[in-house]
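Below, read A as the first sequence line, B as the second, and so on, with proteins coming before strands; counting in each chain starts at 1.
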Amino acid sequence: MKSSAKPVRVRIAPSPTGNLHVGTARAALFNYLFAKHNDGTFVVRIEDTDTGRSTKEFEKNILDGLHWLGIDWDEGPELQGTRYLGNHGPYRQTGRREIYKKYLVQLLNEGKVFACFCEKNKEERKESSPRHAADLHSCPDRDHAYTLAGSRPFVIRYKNSEFLEYYARKQETIKHPAELGVAVDRAIYQGALIQFNDIVRDKLEYPQGHLMDFIIAKSLHEPLYNFAVVVDDHEMKITHVIRGEDHIPNTPKQILLIEALGFSRPEYAHLPLILGPDRSKLSKRHGATSVDEYQGQGYLPEALFNFTALLGWNPGGEQEIFPKSELIKLFSLEKVQKGGAIFDTKKLDWMNGEYIRKKSIDELASLCIPFLEHAGTANPGEHVRNPECLKKIMALEQPRLKKLSEIGERTDYFFKEPEYDRELLKWKTMSEEEMAGTFDTLIHILSDVTLPQSKEKLEERFLLEIGTGDKGRILWPLRVALSGEKFSPGPFEILEILGREQALRRVNRAREIYMQKV
RNA sequence: GGUCCCAUCGUCUAGAGGCCUAGGACAUGGGCUUUUCAAGCCCAGUACAUGGGUUCGAAUCCCAUUGGGACCA
């Protein structure tokens, strides 16, 4: 998708205060798809701070998670920004303090912000102020000249109320916001309505009267999110800001800052939220929320990528399974959904199964080995060491598996003799005599055949013996004797893998277990 | 509480005024196949939140109500 327009540049700004949340991953995914679709650049900038304790660890987790999903970036912390269009780094907020300071000083000098030395901390304000007081903050410092004198703590506030006064002067009928108190009528403040375009939802607007002086930095060295992100978007030449809907309320503040700094406005696209089953924003109380948790449960990156891409976006056809390249080809922000989407793991499970079935046996085997070892069932078993055997097991489980993490539990009977209830051996309503006969037949056949043999050959041999009767009479007890499970793959497949010695031992043991109690 | 955003099956969604007695997928139920479970194939049920407009015609456009969510406090 070559476009003759200027190349798009998008970014994500994860804050390393936790693991890679699926919401962040989805935002990354959409940025990635958009960038790739338009032959543009995808930037990762880390919104770190000094206060975060395990920031480094979380950052690694986030970047690893993105890599695992198959989302790679053109500029970001690991690549040093050397791949495209020169260096826009550093890509960590803590490395850019001088840049922020420069713009902070500029705004102070132009009188567009002021240093506020109010001692009132957050708790005090909460208690002493009427509702909305935080929005209508006024303090004696706002009229003072900027000074660094004194070591008192201060915050830097954007002087929004001044601009409101300007609008007020333009229209004589307008009252000063302070006089109006809480009720700010948007019609009265028409002139102060911040409007911006959103690719997903068309026009959005916000009454400026609701954001009076707001804090943009805690000090010259500690910029806050809204300020830092505006500076970085400008410095990094970001053309499209694609992020979650929860950022809509930040946008007007950022626009005010963009205008104060004389930057140009990027295009905005706000993505619908990913919700939990109760329709509130997906959070820990809903269960797994981070990409590494899904990885740990044995979801394939392709499946999670495909599933997440279709959460809040759809290319319009009836297809469900899309390889990454196809998603890139089809992606468009215009087709992004407006309403939030519930993260439905049932559908993810199905999709994961589809991707598991697409894997080659070799790939599946190497993906499963860590899970087998983790489950402890593969007691570094001879079967794991024996690749031929492992492959056969994989082929058996491939159509059944929804998550790789199930592999241990599903196949542990290959690695150790199964435990089961005596009654499970009985097929429908067989009598004791019939069961005894079945065991005789099984031992007879198993002693006769030479294993290993293909399951087709085995089946042929057994059917010869069984004749035209009810096959379950022989096959159900055999299957249970071999697997100990109520549900499992067929007896011939298991037989083929276990070998004669093991099979005979298990059938004999089954007979013992069955006879014991009578 | 204030502001903003959103609204098609249980869930993800198709739908850009007539192709809609609303299509697909997951999930659910039933069937085929079958020694069991999967996989596969076939079938079924289930949705345009409500009320007003606009229009010859509305899931689609406008308004209100209701409901949900986000952000701020």
Can you check the distance between [N] and [M], where both ends of the measurement are the [atom1] atom (answer in whole Å)?
N     : M     : atom1 : value
B:G1  : B:G10 : C1'   : 33 Å
B:C48 : B:U13 : C1'   : 13 Å
B:G29 : B:G52 : P     : 39 Å

Looking only at N and O atoms, is any donor in the side chain of [X] or the base of [N] less than 3.5 Å from an acceptor on the other one?
X        : N     : answer
A:Arg201 : B:C5  : no
A:Glu245 : B:G69 : no
A:Lys347 : B:C12 : yes
A:Lys281 : B:A70 : no

For the pair made of [atom1] in [X] and [atom2] in [N], what is the distance, rounded to whole Å?
X        : N     : atom1 : atom2 : value
A:Ile248 : B:C72 : CD1   : P     : 13 Å
A:Lys335 : B:C12 : NZ    : C1'   : 15 Å
A:Asn314 : B:U8  : CG    : C1'   : 14 Å

State, without any angle test, whether A:Thr441 and A:Arg473 hold a side-chain donor-acceptor pair at a distance under 3.5 Å.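 Short answer, no.
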Any side-chain donor near an acceptor of the partner, A:Asn306 and A:Tyr355, under 3.5 Å: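 Short answer, yes.
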Indicate whether OP1 or OP2 belonging to B:C12 is found under 4.0 Å from a side-chain N or O atom of A:Arg279.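 Yes, A:Arg279 has a side-chain N/O under 4.0 Å of OP1/OP2 on B:C12.
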Kindly assign one of parallel, tilted or perpendicular to the pair A:Trp313 and A:Phe331, based on the angle between their ring planes and the thresholds 30° and 60°.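 Plane angle between 30° and 60°, so tilted.
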Is the backbone N or O of A:Met435 less than 3.5 Å from a side-chain atom of A:Trp427, with the two atoms forming a donor-acceptor pair by type?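 No.
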Touch check for A:Arg357, heavy atoms < 4.0 angstrom, all strands: base, sugar-phosphate only, or nothing?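 Sugar-phosphate only.
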